Number of protein chains: 2
Amino acid sequence: MQFLSLGTQYTLTALITLSKEGTGVAVSASKLAEPLNSPSTYLSQMLTNLIEPGIIGTRRGINGGVYLARDAKEVSLYDIVTAVEGDTFFQTCFLGISGCGDIEPCPFHDEWGKKRGKIEDWLKSTSLEELANDTSTMLTDGLLQFERKAKR
Amino acid sequence: MQFLSLGTQYTLTALITLSKEGTGVAVSASKLAEPLNSPSTYLSQMLTNLIEPGIIGTRRGINGGVYLARDAKEVSLYDIVTAVEGDTFFQTCFLGISGCGDIEPCPFHDEWGKKRGKIEDWLKSTSLEELANDTSTMLTDGLLQFERKAKR
DNA sequence: CTATATTCTAATATCAATATACGATATAGA
DNA sequence: TCTATATCGTATATTGATATTAGAATATAG
């Protein structure tokens with residue numbers, strides 16, 4: 001049980017880099033993937049999810065890459081997360097009961113709705129710019145290390 | 001992205017029934033699984049996770065089954081959830097960075113820690129008894145319907 | 001003591017997440 | 001304008017987790 005999938009974690013971290021470069025400046029997926037030690041093609045694939053919602057744009061060919069399509073102020077973390085993972089987390093019942101709703105609530109409905117709403121509000125009200133500003137040295141230096149599942 | 005796995009959802013719902021029966025009263029897995037329309041052997045397997053932490057006990061043979069081993073007041077939702085799913089959700093960094101901690105925090109560390117802590121506190125402070133008391137008619141009547149993934 | 005209801009364990013199937021491989025395309029430079 | 005190459009984009013493969021099934025082990029009632 002983990003909140004964000006690995007792909008989303010890669011995506012967020014890559015977007016921090018793009019944000020620091022500035023809107024419109026293209027960086028290749030392989031450059032972005034390098035500090036993550038993730039397969040660049042995989043990162044590229046994840047980033048593709050952000051094209052349709054207009055968060056990033058891409059340019060092929062020499063000196064091409066991925067660039068931020070809007071000002072980092074105008075991109076919320078909610079936009080990013082749901083573009084990659086969808087919004088089922090914010091939609092479905094805690095117990096997975098399909099009839100659960102305001103009219104016929106499951107025992108968790110109200111309380112979980114509040115907790116989840118807090119997370120939703122937070123993600124919606126935090127911009128990529130803020131995230132990038134908060135970024136500690138661990139992201140810029142080589143300290144970044146993602147947890148990988150141990151081989152069994 | 002879903003908070004609880006199907007197995008945990010089954011487990012919680014089954015425990016509500018056990019709690020209503022009372023501590024020490026055994027109910028067979030197939031009886032418990034019936035209203036969930038889940039495979040009874042699967043539910044049984046999930047419930048096995050709760051034996052070692054002393055939440056339930058089992059009795060084989062005729063008239064056997066699963067029974068609540070402690071008073072429902074003494075079982076927190078946190079106990080149940082982590083027994084089935086483990087506690088990685090409450091342990092791991094939002095961004096999945098292994099070096100993240102109080103000393104060298106990732107940008108999400110503090111805020112996510114708070115949000116997640118709220119959920120943890122809630123689960124720890126809510127007992128199975130409270131859950132069972134809150135249970136609406138949807139769980140007792142045949143209205144209970146779990147969401148199943150659509151076949152593609 | 002025996003039949004049977006039941007748990008328990010282990011093998012299998014399904015599905016989603018992750019990774020790879022290859023084809024399409026745009027750009028730079030000749 | 002052409003060609004080589006860097007790059008994205010998509011389709012396929014692999015893996016791991018989750019869910020399901022099947023059958024062995026075991027305790028109880030009678």
Side-chain angles (χ1 to χ4, degrees), chain A residues 1-11 14 18 25-34 36-52 55-69 81 84-86 88-89 92 96 146-152, chain B residues 1-11 13-14 18 25-34 36-52 55-69 81 84-86 88-89 96 146-152:
Chain A
M1 171 164 78
Q2 207 178 1
F3 190 69
L4 297 180
S5 73
L6 193 57
T8 312
Q9 294 173 344
Y10 288 158
T11 301
L18 283 186
V25 178
V27 180
S28 72
S30 46
K31 272 255 170 52
L32 290 172
E34 212 168 87
L36 308 176
N37 68 328
S38 94
S40 66
T41 45
Y42 179 53
L43 173 62
S44 178
Q45 182 180 328
M46 288 296 125
L47 289 172
T48 299
N49 293 310
L50 306 177
I51 297 173
E52 197 271 325
I55 297 170
I56 65 164
T58 59
R59 225 188 337 270
R60 299 204 226 198
I62 297 172
N63 296 334
V66 182
Y67 59 90
L68 208 58
V81 169
V84 182
E85 312 217 346
T88 54
F89 174 83
T92 54
F146 279 79
E147 285 171 16
R148 305 309 254 286
K149 288 163 208 158
K151 303 268 175 194
R152 42 167 140 167
Chain B
M1 173 163 78
Q2 206 178 0
F3 191 69
L4 298 179
S5 72
L6 193 55
T8 311
Q9 294 172 345
Y10 287 159
T11 300
T13 315
L18 283 186
V25 179
V27 181
S28 73
S30 47
K31 271 256 169 53
L32 290 171
E34 212 168 87
L36 308 176
N37 67 331
S38 95
S40 67
T41 45
Y42 179 52
L43 173 63
S44 178
Q45 183 179 325
M46 288 295 122
L47 289 173
T48 298
N49 293 309
L50 305 178
I51 297 173
E52 196 271 327
I55 298 170
I56 63 163
T58 59
R59 222 186 343 266
R60 299 205 227 197
I62 294 172
N63 294 334
V66 181
Y67 58 89
L68 207 58
V81 170
V84 182
E85 313 216 344
T88 54
F89 174 83
F146 280 79
E147 284 170 16
R148 305 308 253 284
K149 289 160 207 159
K151 303 269 175 194
R152 42 167 138 167

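None of these values were measured; they are calculated from a predicted model.
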Ignoring the backbone of [X], work out which of [options] is nearest its side chain.
X: B/Arg60; options: C/dT6, D/dT10, C/dA26; result: C/dT6
X: A/Ser5; options: C/dT7, D/dA6, C/dT18; result: C/dT18
X: A/Thr41; options: C/dT20, C/dT7, C/dT4; result: C/dT20
X: A/Thr58; options: C/dT18, D/dG9, C/dT7; result: D/dG9
X: A/Thr48; options: C/dA19, C/dT7, D/dG9; result: D/dG9
X: B/Ser28; options: C/dT7, D/dT21, C/dA28; result: C/dT7
X: B/Ser44; options: C/dT7, C/dT18, D/dT28; result: C/dT7
X: A/Tyr42; options: D/dT28, C/dT20, C/dT27; result: C/dT20

Atom [atom1] of [X] to atom [atom2] of [N]: distance rounded to whole Å?
X: B/Arg59; N: D/dT28; atom1: CZ; atom2: P; result: 8 Å
X: B/Glu34; N: C/dT6; atom1: CD; atom2: P; result: 12 Å
X: A/Asn63; N: D/dA4; atom1: CG; atom2: P; result: 19 Å
X: B/Leu43; N: D/dT18; atom1: CG; atom2: C1'; result: 15 Å
X: A/Leu4; N: C/dT18; atom1: CG; atom2: P; result: 11 Å
X: A/Leu6; N: D/dT14; atom1: CG; atom2: P; result: 20 Å
X: B/Lys31; N: C/dT7; atom1: NZ; atom2: C1'; result: 16 Å
X: B/Asn49; N: C/dT9; atom1: CG; atom2: P; result: 11 Å

Quiz item: For B/Ile56, which contact category applies under a 4.0 Å heavy-atom criterion: base, sugar-phosphate, or nothing?
Solution: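 Since no nucleic acid heavy atom lies under 4.0 Å of B/Ile56, the category is nothing.
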With sugar-phosphate meaning primed atoms plus P, OP1 and OP2, does A/Ile51 contact a base, only sugar-phosphate, or nothing at under 4.0 Å between heavy atoms?
->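 If one applies the 4.0 Å heavy-atom cut-off, A/Ile51 turns out to touch the sugar-phosphate alone, with no base involved.
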* Asked: Is there a donor-acceptor pair closer than 3.5 Å between any side-chain N or O of B/Ser44 and the backbone N or O of B/Ser40?
  ->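 Such a contact is absent between B/Ser44 side chain and B/Ser40 backbone.
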* Nearest-nucleotide comparison on DNA chain C, the residue closer to the 5′ end among A/Thr8 and A/Gly61 ->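 Its nearest nucleotide being more 5', the pick is A/Thr8.
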Heavy-atom pair of closest approach, residues [X] and [Y]:
X: A/Tyr67; Y: A/Arg59; value: CE2-NH1, 4.0 Å
X: A/Ala69; Y: A/Gly57; value: CB-N, 4.0 Å
X: A/Ala29; Y: A/Leu43; value: O-CD2, 3.9 Å
X: B/Val84; Y: B/Met46; value: CG1-SD, 4.1 Å

Donor on one side chain, acceptor on other, B/Ser5 and B/Thr8, under 3.5 Å: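 Yes, because at least one side-chain N or O of B/Ser5 sits under 3.5 Å from a partner of the opposite role on B/Thr8.
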Problem - Of B/Leu68, B/Ile55, B/Val66, the residue whose pairing with B/Leu50 passes side chain to side chain contact (heavy atoms under 4.5 Å, CB included) - result: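 Among the candidates, only B/Ile55 passes.
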Quick one: are A/Leu32 and A/Leu47 in side-chain contact, heavy atoms under 4.5 Å?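 SC-SC contact between A/Leu32 and A/Leu47 confirmed.
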Please enumerate all protein N or O atoms sitting under 3.5 Å from an N or O of nucleotides 10-12 of chain C, with distances to 0.1 Å.
| from | atom 1 | to | atom 2 | distance (Å) |
| --- | --- | --- | --- | --- |
| C/dA10 | N6 | B/Gln45 | OE1 | 3.1 |

